[in-house]
Structure formats: structure tokens, C-alpha cells
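A, B, ... follow the sequence lines: proteins, then strands. Residue 1 opens every chain.
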Protein chains: 2
Amino acid sequence: MSNFREIGRKIVGVGRNYRAHAAELGNQVPTKPILFLKPTSSYISQGQKIKIPKGCTSLHHEVELGVVIGKHGNDIPETKAMDYVSGYILALDMTARDFQDEAKNKGQPWSIAKGFDTSCPVSEFIDKSKVKNPEQIGLWLKVNNTMRQNGNTKDMIFGVPYLISYISQYFTLEAGDIILTGTPSGVGPVTAGDVIEAGLSDLVSIKFEVEKKGK
Amino acid sequence: MSNFREIGRKIVGVGRNYRAHAAELGNQVPTKPILFLKPTSSYISQGQKIKIPKGCTSLHHEVELGVVIGKHGNDIPETKAMDYVSGYILALDMTARDFQDEAKNKGQPWSIAKGFDTSCPVSEFIDKSKVKNPEQIGLWLKVNNTMRQNGNTKDMIFGVPYLISYISQYFTLEAGDIILTGTPSGVGPVTAGDVIEAGLSDLVSIKFEVEKKGK
Ligand SMILES: [Mg+2]
Ligand SMILES: [Mg+2]
Ligand SMILES: [Mg+2]
């Protein structure tokens with residue numbers, strides 16, 4: 001499934017899946033997963049730049065474990081969920097926080113805030129065999145060499161099997177689809193010229209530069 | 001582009017693009033397009049049934065003109081926008097209105113409300129050559145033979161070239177992607193056993209039955 005960027009057709013994001021992150025944005029801890037979508041046109045890989053979209057004055061980084069779906073399924077029971085996982089990625093759920101705040105205030109969709117072009121920088125595919133327990137992985141993010149996020153997937157509110165089961169009740173999952181499992185605390189703004197580095201335990205690391213769109 | 005269901009990777013919906021529909025749900029007329037995403041896993045074609053998702057008690061019909069994108073583009077100027085259109089579809093933007101109302105009240109994303117499996121029933125592809133002016137087409141929808149929506153795309157607030165240009169500033173458009181251009185007034189609930197018929201001028205008509213999911 002190393003070609004998830006080409007064959008996958010959706011990216012399902014999970015909001016506020018770490019208590020400390022929900023709190024830092026002044027949000028309640030959710031009682032059910034908060035789901036949003038990013039289009040696959042938002043993917044970039046190392047070597048491409050994160051572009052601040054037109055009008056955005058507060059672009060935030062969110063480092064996340066991404067789950068790569070390996071086969072078609074819906075209404076997947078939690079006990080079978082891991083059979084649908086092909087592997088993992090490290091991803092940044094880049095978020096136009098000002099656009100999202102406006103959307104939240106107006107009761108409008110988050111789609112532009114979460115899904116603008118370049119909003120989903122991703123690592124290479126990591127085969128499932130390399131990850132003993134997806135709910136016991138450290139993940140970190142630095143901006144210009146300063147540590148900003150340093151968490152562990154053990155702090156997720158809803159774990160991987162639960163998320164797969166819950167999401168697949170509403171959205172049929174297909175090979176190459178991605179689930180972004182939420183971000184630990186420490187999110188914050190980046191501006192043009194900043195360099196983001198992030199890592200998932202000793203499995204993979206990524207590096208992306210930020211620039212203004214239209215440059 | 002008759003294979004848009006297979007090759008397309010996103011469905012961009014436009015909310016409140018007809019004044020009378022914005023008013024009927026108690027919403028302001030927007031000053032810029034309100035965009036949301038439905039995943040391609042939400043497509044169904046005639047012969048498949050619309051399934052009311054688990055927990056939904058108010059599933060609404062919305063009949064819409066869909067624009068089928070023919071080629072890759074971003075930051076498309078309005079004057080060139082029609083070059084990116086391959087054709088059209090008639091689509092239903094089925095909406096779990098109770099889920100959407102909850103999302104709006106909580107400032108949460110609309111993704112499940114708009115994107116659940118079977119939420120995007122579509123017609124066959126209609127080649128662009130058959131449509132002289134996409135902003136001068138009648139569209140109607142009947143539930144159990146009673147007319148519920150009967151509008152014309154001339155009443156859209158944001159026209160097709162403007163939408164393509166606006167959307168492509170944020171989301172790169174690709175061949176097979178769909179833009180759902182919004183619904184005229186007359187939306188309302190359907191329940192299990194109802195039959196929805198809809199038409200786009202004399203170009204195409206579609207018919208879908210509604211059932212509860214899990215039947
Ligand atoms: Mg996130
Ligand atoms: Mg949304
Ligand atoms: Mg609609």
C-alpha cells in the first residue's frame with residue numbers, strides 16, 4: 001500500500017482525540033469521534049512545500065499517526081478492525097485555524113480549513129509488520145528545531161480499532177484510504193520560511209518547509 | 001468522463017447557493033461559497049437504494065446540478081473555468097439534517113451529515129455538448145409522485161464559472177471530480193419506503209428508493 005497517495009480516495013480526520021489537545025483549544029473532550037474529511041488533493045510528500053492558503057493568517061501544525069486501510073469494508077466490528085489495516089504513515093494535519101474558528105462560529109463546514117492544497121504532508125508508507133502496537137508510539141514535531149509537540153498515541157481517547165469500527169458505520173473504507181487519528185497537545189502557528197520536522201518513534205521522520213501560496 | 005464514479009476523487013458540495021433555500025432553513029444568504037466535501041464512497045447509481053444512516057431521524061432530499069471536471073487545474077480564472085468542465089450530472093445531496101443541525105450547533109464538521117454511504121445518488125454522465133447554458137436548466141424532485149422541489153439553476157447565487165474559480169483556489173480540481181452546485185427550495189424529509197424521482201430539464205431523470213440501513 002506504498003501507493004496510498006495514488007489509489008486512496010479519502011482521508012478521514014479525527015478531531016480532539018487527545019484530552020490535552022482538546023483542552024488547549026478550549027474544547028470539551030468528545031463523547032464520540034469528531035470526523036472530518038480532507039481531499040486526496042491535499043497530499044504532499046517530502047520535497048514539496050506547505051503553502052499557506054490565500055487569506056489564512058494562522059496556519060497550525062498538528063502531528064498525527066495515520067492509519068492506512070488495506071481493504072474494502074463497512075460496519076467493521078472492533079474485533080476485526082486490525083485486519084483492515086495495511087500500515088501507517090506519519091502525517092501533518094495542517095489546519096487554517098482562523099478559517100476553522102470562523103467555520104465553528106458560524107456553524108459551517110471545516111472543509112477549506114482542513115482540506116486546502118498541501119494541508120496533508122505525509123511520510124512514506126510504514127508496513128504494519130513494523131508496528132507492534134499503534135497505541136504505544138511516540139510522535140513529536142519541531143518547528144525550526146524547537147520541540148512543539150511531543151506525545152504518545154497511548155493518550156488517544158478513541159483507539160485505532162474503535163475508530164475503524166465507528167468510521168466504517170458511516171463511510172465505507174477502501175484500500176488506500178487514510179485515517180488521521182488526531183494530534184497531541186502543543187499545536188501552534190507556523191509562518192513562511194519555517195521548517196517543520198516530525199517523527200514517529202524511530203520508524204520515520206519528515207521535514208517540510210512552509211511558504212506563502214502564490215510565491 | 002462517464003466513469004467519473006471510478007476515477008474521481010472528490011465531491012465538493014456548495015451550501016445555500018439558492019436564496020429561497022437559504023431562507024427556508026433560516027440561514028443568511030452567503031457572501032462567499034460555503035464548501036463541504038462528500039467522499040466518493042457516498043456514490044450510488046440507479047438500482048441501488050438510499051440507506052438512512054444509523055441514528056438519523058431526519059434524512060432530507062436536495063436535488064442538484066453536478067458539474068463534472070474534465071482536467072486538472074488550480075487557481076483557475078473565471079474566464080477559463082468552462083474549459084475545465086467535461087459535463088454534468090443530476091445528483092441528490094442527501095443530508096442527515098438532524099446530524100447537520102447538531103454539527104452546526106456544536107461548531108463541528110458536517111462530514112457524516114453530508115457524506116454517509118449512499119448520500120450521493122447520481123445520474124449517468126451528460127456530455128457538456130448537450131447543455132447550452134448550465135445556468136438555465138430546470139430541476140425538479142418528487143417524493144412518492146408529489147412535487148417537492150421545482151427550481152431553475154438561473155437562481156443560483158454563485159454561478160458555475162465562479163464556483164470553479166473559487167474552489168480551485170483552495171482545492172486542486174482533477175478529472176472526474178464533481179461540484180454539487182446547491183439545491184433550490186423545497187427540501188424536506190424522506191422515510192423508509194419513499195421513492196424519490198428527480199429530473200434535470202429533459203436531459204435525464206433518476207429514481208431511488210429509500211430504506212433504513214441494516215435492512
Ligand atoms: Mg488533527
Ligand atoms: Mg466538513
Ligand atoms: Mg446541497
May I ask you to say whether A/K51 pairs ionically with A/E211, meaning some side-chain N is under 4.0 Å from a carboxylate O?
yes
How are the rings of B/Y43 and B/F4 set to each other: parallel, tilted or perpendicular (split at 30° and 60°)?
perpendicular
Can you label the angle between the B/F99 ring and the A/Y170 ring as parallel, tilted or perpendicular, going by 30° and 60°?
perpendicular
Counting only non-hydrogen atoms closer than 4.5 Å, does B/Q169 touch chain A with its backbone (N, CA, C, O), its side chain (CB onward), both, or neither?
both
Check each atom of A/K54 against the heavy atoms of chain B and say whether the ones under 4.5 Å are side chain, backbone, both or neither.
both
Between chain B and each of A/V12, A/D75, A/N74, count heavy-atom pairs under 4.5 Å; write down the option with the most.
A/D75
With heavy-atom distances below 4.5 Å as the criterion, would you say the side chains of B/F116 and B/T118 are in contact?
yes
